[in-house]
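Both ligands and their constituent atoms are indexed starting at 1 by order of listing. Owing to the predicted nature of the structure, the values given are computational and were not obtained by experimental measurement. Along the sequence shown, the residues carry numbers beginning at 1.
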Amino acid sequence: MANQHHDTPMLDELENGPWPSFISGIKRLRDQHSDERINGMANDLLGQLEHSYETRKGYWKGGTVSVFGYGSGIIPRFSEVGSSFPESKEFHTLRVQPPAGNYYTTDMLRQLGDSWEKWGSGLVTFHGQTGNIMFIGTTTDNTQHFFDEVNEYGWDLGGAGPCVRTGMSCVGAARCEMSNIDEMRIHRTLLNNFTDDVHRPALPYKFKFKVSGCGNDCMNSIERSDFAIIGTWRDNMKVDQDEVKAFVEKKGREYVIDNVVTRCPTKALSLKDDNTMEVDNRNCVRCMHCMNVMVKALGPGEDKGATILIGGKRTLKIGDLMGTVVVPFMKLESDEDYEKLTEMAEETIDFWAENGLEHERCGEMIERIGLVNFLEGVGIEVDPNMVNDPRQSSYVRMDDWDQEAEKWFNRKAEEKAAAAAG
Ligand code: SF4
């Protein structure tokens, strides 16, 4: 028989408002699930959370929990107030790697859901910030049982701690016309090659691969991965002039000029009098904007490949870093191309593992030792097309820029006047 419900007046407040609430979800598990074990876990979880809100303290502490043969993939959570909330006193999370591109069949999802309801709390996140499926809440014993079961039908744990982390790839060629590479194959090739480094943390810090099929970078790989693979093309973009004309007729010249032509960052577009589009391909920087607006009329070229950027990461010691372009373009078609990519990733990880300080991401190491030393270390020739530091922060707000520029000009004029005066 499940415990009496904990009162949760503060949590109940979180259910007000327009958005679905995670509290309602946990209450559903408490009240409607047919398994009393799950009802009890959800009830005590809510009780502890309410207690945290009352006392303004967190009561989860870490520890060591793993499954046989693995050194990572489980996030242990033991409750410090377990005596008051015994049914959720062990509430570990398992990170499980999703399929490349996050493609599932409903059968797979049901199977995973059934296993988790058998061994865990029923709470799942698709997907956590790490890219993993997060199975939230189970006991130390059941961690092994759940892992054994899902591993048996083909799933594996993701990374946690100082290791190669679970990779991420965008939805890609199967559903997106902008795709320039085989995202799924790249994702699988790299991650399978580094399986050992995913499961046994032995690196200075985390290392992430992310794959985006085009410059839209739906995986945020440039800012959130140490090794970003972004699809691009090196010939001319495709222009279907009939579709351009149809678009201009539908939207009007003013719309196209205001929303496409003038928004090209390198002024590479011009709309002709006969409503066709001329593209200065040498100056196009593949930002994707025009193609995103005129999807049918404009598209990536035929000679497709990938750009590799190294060293992106979110805020830690030295602030946000965007990845640096170390390979402006490489083809990714033949087996040899894939071998080259894998070798490059191995060189990068080996060099960083030897030269990175503890808790230092690859990008931070490059900042410390210099890009030239890094390139020499991994055997990549310097190329003028490499872009170091496109910008430092992933957030660029442009409000007040004009006023700031005016202030700068005024200050310069005053300095000049002062110098002339005396
Ligand atoms: Fe300009 Fe970007 Fe279009 Fe290239 S992709 S032409 S840079 S808007």
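Note on ring orientation: taking the six-membered ring where Trp is involved, the planes of H92 and F78 are perpendicular (angle over 60°, cut-offs 30° and 60°).
The closest protein non-hydrogen atom to atom 3 (Fe) of ligand 1 is C290 SG, 2.3 Å. Of the protein's heavy atoms, M288 N, 3.3 Å lies nearest to atom 5 (S) of ligand 1. For atom 7 (S) of ligand 1, the nearest protein heavy atom (residue, atom name, distance) is V285 N, 3.3 Å.
Ion pairing between a basic and an acidic side chain is recognised when a charged N comes within 4.0 Å of a carboxylate O; D226 and K206 show no such pairing. A salt bridge does not link D182 to R188: none of the charged nitrogens lies less than 4.0 Å from a carboxylate oxygen.
Residue contact annotation: C287 places an N/O/S atom under 2.8 Å from atom 2 (Fe) of ligand 1.
The residue from C214, C264, C284 that puts a heavy atom closest to atom 4 (Fe) of ligand 1 is C284.
Ligand 1 lies within reach of M237, whose nearest heavy atom is under 4.0 Å from it.
Near L269, with a cut-off below 4.0 Å to any heavy atom, the atoms of ligand 1 are 6 (S). Each of the following atoms of ligand 1 lies closer than 4.0 Å to a heavy atom of T266: 7 (S).
Once rounded to the nearest 0.5 Å, the distance linking CG of L298 with CG of N292 reads 10.0 Å.
Minimum interatomic distance between G299 and M237 (heavy atoms only, all atoms of both residues): O-CB, 3.3 Å.
The shortest distance between side-chain heavy atoms of W119 and F135 does not fall below 4.5 Å.
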